K.L.:
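Could you have a look at this structure, given as structure tokens, before my questions?
Throughout, a chain's letter reflects where its sequence line sits, starting with A, and its residues are numbered from 1. The model shown is predicted, which means the values in this text are computed figures rather than measured ones.
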2 protein chains.
Amino acid sequence: MDTALDGAVRVFCERGYHATSIGDLTAAMRLATGSVYKAFRDKHAVFLAAFERYASVRREQTRGAAARGANGRERLRHVLLSYVEHSQGSEGRRGCIVVGSAVELSAVDPVVRARVNAQLATNESFIAGLIREGQADGSIPRHVAADDTARLMICITQGMRVVGKARLPLDGTRLVGVAMKLLA
Amino acid sequence: MDTALDGAVRVFCERGYHATSIGDLTAAMRLATGSVYKAFRDKHAVFLAAFERYASVRREQTRGAAARGANGRERLRHVLLSYVEHSQGSEGRRGCIVVGSAVELSAVDPVVRARVNAQLATNESFIAGLIREGQADGSIPRHVAADDTARLMICITQGMRVVGKARLPLDGTRLVGVAMKLLA
DNA sequence: AATAATAGGGAATGACTGTTTCCTAATCAA
DNA sequence: TTGATTAGGAAACAGTCATTCCCTATTATT
């Protein structure tokens with residue numbers, strides 16, 4: 001069942017909600033029409049489940065990237081690098097369900113909008129926490145405004161997914177090198 | 001006819017391509033079904049025209065914002081401030097056709113992808129130009145990497161439209177204040 | 001003034017959508 | 001082994017979609 005959801009995640013990432021038909025879903029999930037509707041109330045419920053799965057996988061990946069750093073500053077650097085990498089290549093072209101949902105659905109679907117906001121808030125406070133860790137361990141100056149910088153970094157990460165989907169190449173080292181000036 | 005296109009822009013911004021029906025379009029353009037198909041070959045052609053109109057209006061607005069600054073650094077600051085303002089409030093909630101197209105269509109529609117890339121490239125080189133102007137007039141240090149910084153700023157602006165559509169509030173002064181550190 | 005040409009409007013159409021229903025096959029309990 | 005319960009699949013259904021066709025009103029021309 002989780003492998004079926006992974007298929008749903010893939011196709012929803014790539015085409016978004018409206019352009020994904022039940023036929024696309026059954027193909028990607030390797031399930032027949034009836035089976036999908038036995039497991040989920042409707043297409044919207046499949047989407048919500050796929051969103052939740054995607055979000056939890058991405059949260060874990062981001063936390064894993066952070067763990068690779070020795071102090072707050074390095075943890076944040078690895079998080080940004082991880083975002084660049086996920087925004088590139090085939091995964092970048094496939095796209096991010098959170099960004100897709102924000103753009104395609106959040107204007108008309110309050111349930112999806114709430115999930116998007118929750119995911120953005122979680123990411124933002126995770127980043128703000130890393131900044132504060134860095135300030136505590138001395139790797140980031142005290143005068144850095146943690147909340148404002150975190151919000152700008154959310155803009156950066158979401159924006160990277162947009163330009164990654166448009167297939168603009170991103171150089172991780174150089175881009176993150178510039179972005180780290182925000183911690184000066 | 002241009003006022004009809006403005007209506008198409010509005011509804012395409014808000015709902016995206018697939019979620020916008022011909023009925024939505026006729027209502028927003030205040031034209032009957034047949035009239036839409038007399039003026040445009042199909043829905044896709046309406047979208048392309050709306051995209052082009054939106055892009056040219058936005059280009060002009062961005063250039064206008066830049067003109068409010070006295071040197072390269074200030075021009076860039078006004079451009080960023082203008083982006084924050086356009087990403088907020090009712091216009092922010094409505095959304096950006098470029099971001100919407102990148103996310104919803106660029107994976108499957110090469111024509112749209114080309115337009116998106118062109119618009120991103122134009123914006124990016126405009127920003128890079130402003131950085132170089134600032135370096136020439138002394139308001140921006142020489143060691144700033146113009147191209148890398150411009151690409152990161154594109155990520156920032158596109159990301160602002162994403163979080164603006166998700167209705168996260170953005171404080172222009174504070175956000176841009178942080179972003180200007182990229183020019184240090 | 002009469003006629004040709006065109007722009008605009010609205011109903012009809014066929015394809016495709018999400019959803020439901022019903023049937024088959026498999027799994028588990030006794 | 002038999003019976004019951006459930007997972008899975010294919011076809012049918014109602015509704016909506018983009019598109020086309022044809023009609024009306026307006027404008028321009030002679």
Side-chain angles (χ1 to χ4, degrees), chain A residues 1-54 95 97 100-101 103-113 115, chain B residues 1-54 95 97 100-101 103-113 115:
Chain A
M1 173 55 63
D2 265 358
T3 139
L5 255 188
D6 284 330
V9 167
R10 201 174 340 112
V11 66
F12 275 133
C13 277
E14 191 160 323
R15 311 189 197 183
Y17 181 77
H18 290 291
T20 300
S21 71
I22 301 292
D24 297 331
L25 273 177
T26 58
M29 300 173 84
R30 278 198 274 217
L31 247 46
T33 323
S35 307
V36 171
Y37 277 90
K38 196 147 299 187
F40 301 94
R41 189 154 42 83
D42 53 15
K43 182 184 169 185
H44 194 260
V46 182
F47 184 79
L48 252 40
F51 182 101
E52 219 55 49
R53 175 154 182 83
Y54 175 89
I97 268 202
S101 304
V103 171
E104 198 187 356
L105 295 175
S106 72
V108 290
D109 186 331
V111 177
V112 169
R113 180 167 65 241
R115 309 278 180 117
Chain B
M1 175 52 66
D2 264 359
T3 139
L5 255 189
D6 284 329
V9 167
R10 199 172 342 112
V11 65
F12 275 134
C13 277
E14 191 160 322
R15 311 191 196 181
Y17 181 78
H18 290 290
T20 300
S21 71
I22 301 292
D24 297 330
L25 273 178
T26 58
M29 300 173 84
R30 277 198 274 219
L31 246 49
T33 322
S35 307
V36 171
Y37 277 88
K38 196 147 297 189
F40 302 93
R41 189 155 41 81
D42 53 15
K43 181 183 169 183
H44 195 261
V46 181
F47 184 79
L48 252 42
F51 183 102
E52 221 54 51
R53 174 152 183 83
Y54 176 89
I97 267 201
S101 304
V103 170
E104 198 187 356
L105 295 174
S106 72
V108 290
D109 186 330
V111 177
V112 169
R113 180 167 64 241
R115 309 280 181 115

K.L.:
Between dG9(C), dG10(C), dA18(D), which nucleotide gets closest to the side-chain atoms of T33(B)?
P.N.:
dG10(C)

K.L.:
Using a 4.5 Å cut-off on heavy atoms from C-beta on, say whether the side chain of T33(A) contacts that of L25(A).
P.N.:
no

K.L.:
How many Å lie between CG on D42(A) and P on dT17(C), as a whole number?
P.N.:
17 Å

K.L.:
Please determine if a side-chain N or O atom of Y37(A) lies less than 4.0 Å away from the OP1 or OP2 oxygen of dT20(C).
P.N.:
no

K.L.:
Could you state the interatomic distance from CD1 (I97(A)) to CZ (R115(A)), rounded to the nearest 0.5 Å?
P.N.:
11.5 Å

K.L.:
What do the steps show when you test H18(A) against L105(A) for side-chain contact (heavy atoms from CB on, under 4.5 Å), and what is the final call?
P.N.:
CA-CA 9 Å; H18(A) 290 291; L105(A) 295 175; 3.8 Å; yes

K.L.:
To the nearest Å, give me how far apart NZ (K43(A)) and C1' (dT17(C)) are.
P.N.:
8 Å

K.L.:
Rounded to whole angstroms, how far apart are CD1 on I22(A) and P on dT19(C)?
P.N.:
6 Å

K.L.:
Starting at atom CZ of F40(A), determine the distance to atom P of dT19(C), rounded to an integer number of angstrom.
P.N.:
13 Å

K.L.:
Rounded to the nearest angstrom, tell me the gap between atom CZ in R41(B) and atom P in dT20(D).
P.N.:
10 Å

K.L.:
With distance as the sole criterion, is a donor-acceptor pair present between the side chains of D24(A) and S21(A) under 3.5 Å?
P.N.:
yes

K.L.:
Check K43(A) against T20(A) and note the closest heavy-atom contact, atom names and distance.
P.N.:
NZ-O, 2.8 Å

K.L.:
For dG9(C), take OP1 and OP2 only and decide whether either is under 4.0 Å from a side-chain N or O of S35(B).
P.N.:
yes

K.L.:
Base, sugar-phosphate alone, or nothing: which one does T20(B) contact when heavy atoms must sit under 4.0 Å apart?
P.N.:
sugar-phosphate

K.L.:
How many whole angstroms separate atom CG of L25(B) from atom P of dT16(D)?
P.N.:
18 Å

K.L.:
Send over the distance from D24(B) CG to dC17(D) C1', rounded to a whole Å.
P.N.:
11 Å

K.L.:
If you check the A32(A) side chain, which of dG9(D), dT17(C), dT19(C) turns out closest?
P.N.:
dG9(D)

K.L.:
Tell whether K38(B) reaches the base of dG8(C) with its side chain through a donor-acceptor pair below 3.5 angstrom.
P.N.:
yes

K.L.:
NE2 of H18(B) versus P of dA18(D): gap in Å, rounded?
P.N.:
10 Å

